[in-house]
Asks: 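The following block contains the structure, expressed as structure tokens.
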There are 2 protein chains.
Amino acid sequence: MSSLVDVAQAAGVSVSTASRVLTGSSHPISAKTRARVIAVAEELGYSPSALARALVSRSSRLMGVLVSDIVNPYFSVIARGVDDVASRAGYVTMLCNVDRRTTTEITRVRTMRDYRAAGLIFAGSGYVDDPREPELAKAVRQAQEQGIHAVSLTARDIGCRVIAADARAAAYDVTDYLISLGHRRIAFIEGPEGMVATQQRRDGFLACMENADLADGAQCLPGGFDFEAGHAAAMRLIAHPPLPDAVVAVNDEAAVGALSALRQAHIDVPGEISVAGIDDLRVSRFVGLTTVSLPLYEMGAMAARHIIDTPPEAAAGAAETTVLSHRLIPRETTARRRPARA
Amino acid sequence: MSSLVDVAQAAGVSVSTASRVLTGSSHPISAKTRARVIAVAEELGYSPSALARALVSRSSRLMGVLVSDIVNPYFSVIARGVDDVASRAGYVTMLCNVDRRTTTEITRVRTMRDYRAAGLIFAGSGYVDDPREPELAKAVRQAQEQGIHAVSLTARDIGCRVIAADARAAAYDVTDYLISLGHRRIAFIEGPEGMVATQQRRDGFLACMENADLADGAQCLPGGFDFEAGHAAAMRLIAHPPLPDAVVAVNDEAAVGALSALRQAHIDVPGEISVAGIDDLRVSRFVGLTTVSLPLYEMGAMAARHIIDTPPEAAAGAAETTVLSHRLIPRETTARRRPARA
DNA sequence: TTGTATGCGTTATCAA
DNA sequence: TTGATAACGCATACAA
């Protein structure tokens, strides 16, 4: 409860002097005074108000991160990347779950603005032709004009810096790998309807199939980002034989769901059918899922570092895009295509 | 960038009037003035400084949550519970990963204090005989004296309110279930050395075994909270036959690791051996793991609600304990003990 | 090396 | 119904 004036008084110095020693200012202070102030501050249990500090210095050490749902490992890994570099730099990360709702994103952006956050990280993807996107873009612009850095971790048209992996290429690459294993008829389990991330990954899949002259063997199934969606999609596949040679899901969680459904139906994976995903979550290692590794942790870390290292004046700067590389991780759920049983 | 004075000036009113309009105060304001202020604020893109507001009102709408690692689903579910009620009440949640380090917890508590957080939630467990605990308790006390509510989600002796499940009873109950299925020789995969959570769960296991006169059949294996630890523990079990009738792990993640190791070794679960965990994470449903459901989301939500609903004056109040109920969830990794093969 | 004074953006008290 | 004005806790430009 004691403030700087209390400390100053008790130490018999002026507030400025107290401030200078407590902030570790380079301003010259006699060793004696310094020691006394520090001792008094400690004794009084002085806690410098980060609020007042941010107010007067016109810059906070707050970092906002907007995720769809922190329970989703895709996002929690990103959040961890953000917080690791943020906390190491003396920043505090503010977490916002937006449940993929653009309107919620807008309100959160405003809140982050009210807190004069140093930066704002959009971890989740947007929607195709989202009518709310202009409003979000406006909120972002207003934040930027205030010196708040905005970074998106997916390709997104809201006028901010983008640090992301190439989702389309990632999908292309797993598909290509499956084709290289001899698979011809491949099913793609899609993500949530209308999301850009869904579209990009589907596009990558389709482009690869077409380039391999396998467009006829391509099949897209409605799905979703979660286990249940992948499970359901696979069930539909099972219900309508013949099974494709392989299935690639929009992400690992759906892939694991599909895998689970197939094995429950006593279908041999990868013997009868190969399964692959995208993201390379922790769980994927455990189940041996072939996937594409995306640098999620690094994306969060890089975004945070960018925010910390770039002066506020540059917040409204050019919305450059940094594309991070991904990597195919072949594991045990995929195998060379088995010749058809006679 | 425009402040309340800018808005007031542009609207031709005093700051007080502008403030009253913009805060939705009950103070009477003429409709005309109100409309004008609102219009001007909108036009100027006015964003009220939450910092200044907190400074003058001496109470912020910041909620701190300390987790071991947000990537761990146990904690992300808690964090989600916290943020859901926090954000709905207009609070912002500040996330801190402390990696189970008491010293990091201490510094984070101080940081939360500097931000004048409304509350502080300790999601993770502490250590037995932790030499740093007094220092942490002191930091907590200082925070409380400032009106900051502290809540621990595990039994923890740091002088704050506890809202937690009965870990010991949870472990007791799974063990009891296993025994009821006819199992006699049961192994327990422990958590990280020295953690209170580990101790409590082990205690519950041992107490149950003793009560069933099965102390001789009880076996404790060093393990950990993660997949790898469970996997390794199961490997050790496999390496030293005969296998016990069942294994209960300190938590679900370790249980899944054990399950995975056993099945990799072509050991039939639950045919040859039953496996159970504690926590009831999402993954447990997917793999059909028998476990004990802990109200993690509710714990986070309740803690947040408590903080929001209790006036700051009561922060230093009695450190009551609320014990939440758990529930056994029998699934497919456990089965009645099979008579020994002749 | 230390101190004084000003302002950061709000809310709230007290007048008018 | 509206308006001055005093805090809130701190950093810093300017003096001394």
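Not measured: the values here are computed from a predicted model. Each chain gets a letter, A, B and so on, in the order the sequences are listed, and its residues count up from 1.
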Asks: Just to verify, what does A/A316 make a side chain to side chain contact (heavy atoms under 4.5 Å, CB included) with, not counting sequence neighbours?
Replies: A/Q144

Asks: Tell me, with the steps shown, if A/V92 and B/M112 meet side-chain contact (heavy atoms from CB on, under 4.5 Å).
Replies: CA-CA 9 Å; A/V92 171; B/M112 298 298 100; 4.1 Å; yes

Asks: Counting C-beta onward and ignoring hydrogens, is there a side-chain heavy-atom pair between A/M63 and A/I307 closer than 4.5 Å?
Replies: yes

Asks: Is there a side-chain contact between B/R161 and B/S152 (heavy atoms, below 4.5 Å)?
Replies: no

Asks: Check whether any side-chain heavy atom of B/V109 sits under 4.5 Å from a side-chain heavy atom of B/L66, and report yes or no.
Replies: yes

Asks: I want to check something: taking the side chain as every heavy atom from C-beta on, are B/R36 and B/V13 in contact at a cut-off of under 4.5 Å?
Replies: yes

Asks: Quick one: label A/L55 by what it contacts on the DNA or RNA (base, sugar-phosphate, nothing), any heavy atom closer than 4.0 Å.
Replies: base

Asks: Going by the side-chain hydrogen bond (donor to acceptor under 3.5 Å, both in side chains) test, name the single residue among B/R110, B/Q142, B/R116 that passes it with A/S47.
Replies: B/R116

Asks: Which residues, if any, of residues 140-149 of chain B bring a heavy atom under 4.0 Å of DNA chain D?
Replies: none

Asks: Applying salt bridge (Lys or Arg N to Asp or Glu O under 4.0 Å), run through B/R141 and B/E145 and close with a yes or a no.
Replies: CA-CA 6 Å; B/R141 184 165 40 72; B/E145 285 167 359; 3.6 Å; yes

Asks: May I ask you to check whether over 12 heavy atoms, not counting those of A/D69, lie within 6.0 Å of atom CG?
Replies: yes

Asks: Quick one: does A/V7's side chain get under 4.5 Å of A/L22's, heavy atoms only?
Replies: yes

Asks: Using the C1' atoms of five pairs at each end, what's the angle between the two axes of the helix from C/dT1-D/dA16 to C/dA16-D/dT1, to 10 degrees?
Replies: 40°

Asks: Quick one: list whatever passes side chain to side chain contact (heavy atoms under 4.5 Å, CB included) with A/A165, sequence neighbours left out.
Replies: A/L294, A/P295

Asks: For residues 34-47 of chain A, which residues have at least one heavy atom under 4.0 Å from DNA chain C?
Replies: none

Asks: Applying side chain to side chain contact (heavy atoms under 4.5 Å, CB included), can you list everything that pairs with A/P73, at least two apart in sequence or on another chain?
Replies: A/S76, A/E253, A/L281

Asks: Considering only heavy atoms, which members of residues 7-26 of chain A lie under 4.0 Å from some atom of DNA chain D?
Replies: A/S16, A/S19, A/R20, A/T23

Asks: Need to verify one output field. Residue with the more 5' nearest nucleotide on DNA chain D, A/V5 or B/T33?
Replies: B/T33

Asks: Using a 4.5 Å cut-off on heavy atoms from C-beta on, say whether the side chain of B/L95 contacts that of B/I70.
Replies: yes

Asks: What are the 5'-most and 3'-most nucleotides of DNA chain C lying under 4.0 Å from any heavy atom of chain B?
Replies: C/dG9 to C/dT13

Asks: Which residues pass the side-chain hydrogen bond (donor to acceptor under 3.5 Å, both in side chains) test with A/D84, not counting sequence neighbours?
Replies: A/R80, A/Y297

Asks: Could you work out, with side chain to side chain contact (heavy atoms under 4.5 Å, CB included) as the rule, every residue matching B/A123, not counting sequence neighbours?
Replies: B/V67, B/F75, B/I78, B/L153

Asks: Do any pairs count as a side chain to side chain donor-acceptor pair (under 3.5 Å) and have a residue in residues 120-136 of chain B, sequence neighbours left out, and if so which ones?
Replies: B/T102-B/D130

Asks: In the structure I gave you, are the side-chain heavy atoms of A/S87 and B/R108 within less than 4.5 Å of one another anywhere?
Replies: yes

Asks: Taking the side chain as C-beta and beyond, is there a heavy-atom pair between A/V162 and A/V151 under 4.5 Å?
Replies: no

Asks: Using a cut-off of 4.0 Å on non-hydrogen atoms, how would the nucleic acid contact of A/L4 be classed: base, sugar-phosphate, or nothing?
Replies: sugar-phosphate

Asks: Reading DNA chain D 5' to 3', which nucleotide is the first, and which the last, to come under 4.0 Å of any heavy atom in chain B?
Replies: D/dT1 to D/dG9

